[in-house]
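The model shown is predicted, which means the values in this text are computed figures rather than measured ones. Numbers here are sequence positions counted from 1.
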Amino acid sequence: MKRIAVLTSGGDAPGMNAAIRAVVRSGYYHGLEVYGVYRGYTGLIQGDIEKMELGTVGDIIHRGGTVLYSSRCEEFKTEEGRQKAVEQLKKHQIDGLVVIGGDGSFQGAKKLTALGFPTIGVPGTIDNDIPATDFTIGFDTAVNTVVECIDKIRDTATSHERTYIVEVMGRDAGDIALWAGLADGAESILIPEAPYQIDEIVERLQRSSERGKKHSIIIVAEGVGSGMDVADKITDRLGWETRVTVLGHVQRGGSPTAFDRVLASRMGAKAVELLLSGQRDMMVAIRNNDVIGIDFDEALSQKHQPRMELYDLAKILSI
Ligand code: ADP
């Protein structure tokens, strides 16, 4: 292995730049040449590939987004599209590829390995929805962003004695809602992995109100549905005025936390190590604070599940 390439694909996540930097720097440390592919699989098919030097990744460890840009690429879902991608990789004499992205990007990466091209995945997504890894790059930053926003919402919720419903991202996973909800002492956390009962939420609000607490924060993961629907149900039952905030894409941006920068640095370097040791078909994961490689097949056949004991704990603490 003499020359490797790196790309970022799918939804961007804070810490992707730190991962790119780690791939480039550790690649050069091990005597490899490293190429950057722009705009994910779109750039791979089009041959938008450039050599990266050590200096190319200077001053990016603290920046959100991805300097390689990202995209969603329908053509890569076709056999012909992937063949074109492999031809481009061969044309540039690239021997191995690191794909930084989410679940969908790994489905694509897996298919690239089926064409015989060595590919290693690095999990980068704010959703934390990739099975087999405790954390994905960007999740910690997104949770911290949500916590910062909810702290601010709490100030106005307290001043006006209102119930606030905050809708957060996470696609089909409840991890962002769960961690942010626990960190914020939310009264209720609604996640797709645990069907909610509106009666239980209403009873909880009533109990708090009887104790003299007039403001509440309810966090709704987008995978559950709209925060507005939850607000309407509460107003129907209690007649209370509520406010809804949909946090949206602020959750995808911002400077990565120290945790995400360290995770991305470790994972990027591990991806290069795996390629050098002859692995061709793996994703990097962190489990019990060890950064390891797991076969794509094994990882992708599992179903992601958030830590449900956190859900139970949040309920106990918001009694
Ligand atoms: P993420 O990686 O953040 O989950 P997407 O699900 O949008 O984002 O996937 C990113 C890209 O990965 C897609 O636009 C497509 O090019 C590729 N991809 C996704 N699923 C597949 C699949 N089943 N087969 C081949 N390529 C795929």
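- Considering only residues two or more places apart in sequence or on other chains, A314 meets the side-chain contact (heavy atoms from CB on, under 4.5 Å) condition with L182, I189.
- Panel note: side chain E193, backbone G174; a donor-acceptor pair is recorded below 3.5 Å.
- Across every non-hydrogen atom of P131 and A299, the tightest pair is CG-O, 3.3 Å.
- Panel note: side chain T119, backbone L97; no donor-acceptor pair is recorded below 3.5 Å.
- Formation of a donor-acceptor pair under 3.5 Å by the S70 side chain with backbone atoms of G11 is not found in this model.
- For L115, the side-chain contact (heavy atoms from CB on, under 4.5 Å) criterion is met by E79, R82, Q83, V86, not counting sequence neighbours.
- Residue T245 holds its OG1 atom at 9.0 Å from CD1 of I165, rounded to the nearest 0.5 Å.
- Taking both residues in full, the closest heavy atoms of G27 and V34 are given as CA-CG2, 4.0 Å, listed atom of the first, atom of the second, then distance.
- Every residue meeting the side-chain contact (heavy atoms from CB on, under 4.5 Å) condition with K77, not counting sequence neighbours, appears here in chain and number order: E74.
- The backbone N or O of G81 lies less than 3.5 Å from a partner atom in the side chain of T78, making a donor-acceptor pair.
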Determine whether T257 and D140 satisfy the following criterion, side-chain hydrogen bond (donor to acceptor under 3.5 Å, both in side chains), listing intermediate values before the conclusion.
CA-CA 7 Å; T257 58; D140 185 65; 2.6 Å; yes

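- A side-chain donor-acceptor contact under 3.5 Å links T66 to the backbone of L68.
- Counting heavy atoms of neighbouring residues, nucleotides and ligands inside a 6.0 Å radius, atom CE of M228 does not exceed 12 of them.
- Cluster membership for I217 and V143, using ILVMFWY side-chain heavy atoms within less than 4.5 angstrom, is shared.
- Between M16 and G101, the shortest heavy-atom contact is CE-CA, 4.2 Å.
- Between I191 and A177, the shortest heavy-atom contact is CG2-CB, 4.0 Å.
- In plain terms, the two heavy atoms of C73 and I45 that are nearest each other are SG-CD1, 3.8 Å.
- L7 and V284 are members of different hydrophobic clusters when ILVMFWY side chains are connected at heavy-atom separations under 4.5 Å.
- Not a single side chain to side chain donor-acceptor pair (under 3.5 Å) links R287 to another residue, sequence neighbours left out.
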Go through the steps for N17 and R261 under the test side-chain hydrogen bond (donor to acceptor under 3.5 Å, both in side chains), then give the verdict.
CA-CA 9 Å; N17 282 328; R261 296 181 200 191; over 6 Å; no

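- Residue pairs meeting the side-chain hydrogen bond (donor to acceptor under 3.5 Å, both in side chains) criterion with at least one partner in residues 178-190, sequence neighbours excluded, are E187-K213.
- Between the D260 side chain and the G15 main chain, no donor and acceptor come within less than 3.5 Å of each other.
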What verdict does the side-chain contact (heavy atoms from CB on, under 4.5 Å) test give for I234 and I218, after you've listed the backbone C-alpha separation in whole Å, the side-chain angles of each residue and the deciding distance to 0.1 Å?
CA-CA 11 Å; I234 291 170; I218 296 172; 3.5 Å; yes

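- The distance from the CG atom of D199 to the CD atom of Q206 is 10.0 Å, given to the nearest 0.5 Å.
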side-chain contact (heavy atoms from CB on, under 4.5 Å) between D175 and H304: does it pass, once the steps are laid out?
CA-CA 10 Å; D175 295 53; H304 168 75; 2.8 Å; yes

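- Under a 3.5 Å cut-off, the side chain of S105 and the backbone N or O of D103 do not form any donor-acceptor pair.
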Where do L32 and R3 land on the side-chain contact (heavy atoms from CB on, under 4.5 Å) test, with the steps shown first?
CA-CA 6 Å; L32 299 171; R3 193 178 278 184; over 6 Å; no

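- Within the structure, side-chain hydrogen bond (donor to acceptor under 3.5 Å, both in side chains) pairs that include any residue of residues 90-99 do not occur (at least two apart or interchain).
- Rounding to the nearest 0.5 angstrom, the gap separating the CD atom in Q88 from the NZ atom in K84 is 9.5 Å.
- Cluster membership check: L190 does not share its hydrophobic cluster with V146, using side-chain heavy-atom separations under 4.5 Å among Ile, Leu, Val, Met, Phe, Trp and Tyr.
- Counting only distance, with no hydrogens or angles, the side chain of T145 and the backbone of T141 share a donor-acceptor pair below 3.5 Å.
- At a threshold of 4.0 Å, the pair D134-R307 does not count as salt-bridged, since none of the basic side-chain nitrogens sits closer than that to a carboxylate oxygen.
- Taking each heavy atom of A269 and A22 in turn, the nearest pair found is N-CB, 3.9 Å.
- Identified under the side-chain hydrogen bond (donor to acceptor under 3.5 Å, both in side chains) test for residues 148-165, with sequence neighbours left out: none.
- Hydrophobic cluster membership of I61, counting Ile, Leu, Val, Met, Phe, Trp and Tyr whose side-chain heavy atoms lie under 4.5 Å apart directly or via other members: none, as it forms a cluster of its own.
- Heavy atoms from other residues, nucleotides or ligands lying under 6.0 Å from CG of D59 number 12 at most.
- The ring pair (Phe, Tyr, Trp, His ring centres under 6.0 Å) test applied to F259 returns F135, not counting sequence neighbours.
- Applying the side-chain hydrogen bond (donor to acceptor under 3.5 Å, both in side chains) rule to pairs touching residues 35-56 yields R39-D48, T42-S71, sequence neighbours excluded.
- Every residue two or more places apart in sequence or in another chain that forms a side-chain contact (heavy atoms from CB on, under 4.5 Å) with D127 is listed here: T125, D129, R171, I176.
- Taking Ile, Leu, Val, Met, Phe, Trp and Tyr as members and joining any whose side-chain heavy atoms lie under 4.5 Å apart, directly or through other members, Y29 forms no hydrophobic cluster with any other residue.
- Between the CD1 atom in I120 and the CZ atom in F106 there is a gap of 10.0 Å [rounded to 0.5 Å].
- Using a 4.5 Å cut-off between side-chain heavy atoms of Ile, Leu, Val, Met, Phe, Trp and Tyr, with links allowed through other members, F139 and L178 fall into the same hydrophobic cluster.
- Taking OG of S9 as the start and CZ of F76 as the end, the distance is 8.0 Å to the nearest 0.5 Å.
- The backbone N or O of A18 sits nowhere less than 3.5 Å from a side-chain atom of R63 that would complete a donor-acceptor pair.
- Linking Ile, Leu, Val, Met, Phe, Trp and Tyr whenever their side-chain heavy atoms come within less than 4.5 Å puts L274 and L263 in one cluster.
- Here the CD1 atom belonging to I198 is positioned 6.0 Å from the CZ atom belonging to R237, to the nearest 0.5 angstrom.
- With a 6.0 Å radius and a threshold of 12 heavy atoms from other residues, nucleotides or ligands, D172 has its CG atom at or below the threshold.
- Ion pairing between a basic and an acidic side chain is recognised when a charged N comes within 4.0 Å of a carboxylate O; R204 and E200 show such pairing.
- With contacts defined as side-chain heavy-atom distances shorter than 4.5 Å, the pair M283/V122 does not qualify.
- Crowding of Q197 atom CD: a count of heavy atoms from other residues, nucleotides or ligands under 6.0 Å not exceeding 12.
- Around OH of Y69, the count of heavy atoms belonging to other residues, nucleotides or ligands within 6.0 Å does not exceed 12.
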Decide side-chain contact (heavy atoms from CB on, under 4.5 Å) for Q279 and E273; before the verdict, give the C-alpha distance in whole Å, the side-chain angles of both, and the deciding distance to 0.1 Å.
CA-CA 9 Å; Q279 299 297 343; E273 260 177 48; over 6 Å; no

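- With E222 contributing its side chain and G170 its backbone, the two residues share a donor-acceptor pair below 3.5 Å.
- Put simply, the side chain of H30 reaches to within 4.5 Å of the side chain of V272, judged on heavy atoms.
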